[in-house]
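Below: the structure, in structure tokens.
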Amino acid sequence: MFFCLYKNILYSHSEYNYGNKCEAARRCGGVFGSCPSGKCCSKHGYCGVSDAHCAASNGCQSEFGTCKCGEDYGMCSDGLCCSKKGYCGKTKSYCYSSNGCQSNYGSCKCGENYGLCSDGQCCSKKGYCGRTKAYCASSSGCQSNYGSCKCGESYGTCSDNKCCSNKGYCGTTSAYCSINKCQNKYGFCPDK
């Protein structure tokens, strides 16, 4: 049986001649499977292309169709990346920071093969961008070559001969390394 969603009312094929006003509402998810290419699977298990179907913030089911992410659409579900173009996924075109992954709306990979974190985020030991202590603490293996890293009493010592600024960040410029700005207990200080 086919269904049609028209003006927020769900009709069965036999109740309504939907003609050109709407298309048959194909089911998706669990026992129904995936939507056709380019369609999204809503949290209620229907394929479509509206924000109600596609926005990650509305519960779009990315394992059964396309889902949108970003400022207007929300954050991808756990473990998925938000691509530069605003779609949730798991491949390098979605997840690599060097490809424009949006770390505010999903997971993003960083590091030697993946690129730098954006917006002052930290690159964790495992190669993901984030803002919490697990990502940013030098003592947890934060990768300062690919994002910001914090240092100091609660965060540890900078690696790779980097200086720890008086604001608690690792770096190599005079903003981090000058005599009055460098914490020699938590990083390299050339003038101390």
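Basis for what follows: all heavy atoms, side chains included, without hydrogens, waters or symmetry-related copies.
Considering only heavy atoms from C-beta on, Val49 comes within 4.5 Å of Lys39 through its side chain. Side-chain contact check for Ser159 versus Ser144: some heavy-atom pair is nearer than 4.5 Å. Using a 4.5 Å cut-off on side-chain heavy atoms (C-beta onward), Cys123 and Cys142 make no contact.
Interatomic distance, Thr157 OG1 to Gln183 CD, rounded to the nearest 0.5 Å: 10.0 Å. Interatomic distance, OG of Ser139 versus NZ of Lys125, reported as 10.5 Å (0.5 Å rounding). For the atom pair OG of Ser42 and CZ of Phe64, the computed distance is 12.0 Å after rounding to the nearest 0.5 Å. Separation of atoms CD (Gln61) and OG1 (Thr66) is listed at 13.0 Å; rounding is to 0.5 Å. In this structure, OH in Tyr176 is found 11.0 Å from CG in Asn166, a value given to the nearest 0.5 Å. In this structure, NZ in Lys150 is found 11.5 Å from NZ in Lys167, a value given to the nearest 0.5 Å.
In this model, Cys47 has its SG atom no nearer than 2.5 Å to the SG atom of Cys40. In this structure, Cys101 and Cys108 have their SG atoms less than 2.5 Å from one another. Taken as a pair, Cys164 and Cys151 meet the criterion of an SG-SG distance shorter than 2.5 angstrom. Between Cys41 and Cys28, the sulfur-to-sulfur (SG-SG) separation falls under 2.5 Å. A disulfide is assigned to Cys95 and Cys81, since their SG atoms are nearer than 2.5 Å. A disulfide bridge connects Cys189 to Cys182: their SG atoms sit within less than 2.5 Å of one another.
In this structure, Tyr114 shares a hydrophobic cluster with Tyr96, the cluster being traced through Ile, Leu, Val, Met, Phe, Trp and Tyr side chains under 4.5 angstrom apart. The hydrophobic cluster around Tyr94 extends to Tyr87, counting ILVMFWY residues whose side-chain heavy atoms fall within less than 4.5 Å of a member. Hydrophobic cluster membership of Val31, counting Ile, Leu, Val, Met, Phe, Trp and Tyr whose side-chain heavy atoms lie under 4.5 Å apart directly or via other members: Phe32.
Shortest non-hydrogen contact noted between Glu63 and Ser34 is O-OG, 3.9 Å. Nearest heavy-atom pair across Cys158 and Cys163 is SG-O, 3.5 Å. For the pair Cys88 and Ala56, the tightest heavy-atom approach, listed with the atom from each and the gap, is SG-CB, 4.4 Å.
Using a 3.5 Å distance cut-off with no hydrogens or angles, the side chains of Asn104 and Gln121 do pair a donor with an acceptor. Side chains of Lys181 and Ser165: a donor-acceptor N/O pair is absent below 3.5 angstrom, by distance only.
The side-chain tip of Lys133 points at the ring of Tyr155 from less than 6.0 angstrom away and within 45° of straight on. Tyr46 does not carry Arg26 over the face of its six-membered ring by the limits of under 6.0 Å from the centre and within 45° of the normal.
Under a cut-off of 6.0 angstrom, the local environment of OH in Tyr128 is sparse, with at most 12 non-hydrogen atoms contributed by other residues, nucleotides or ligands.
Of the candidates Cys54, Cys76, Cys60, Cys67 forms a disulfide bond (SG atoms under 2.5 Å apart) with just one, namely Cys60.
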* Evaluate disulfide bond (SG atoms under 2.5 Å apart) for Cys82 paired with Cys69, printing each intermediate quantity in order. => CA-CA 6 Å; Cys82 184; Cys69 54; 2.0 Å; yes
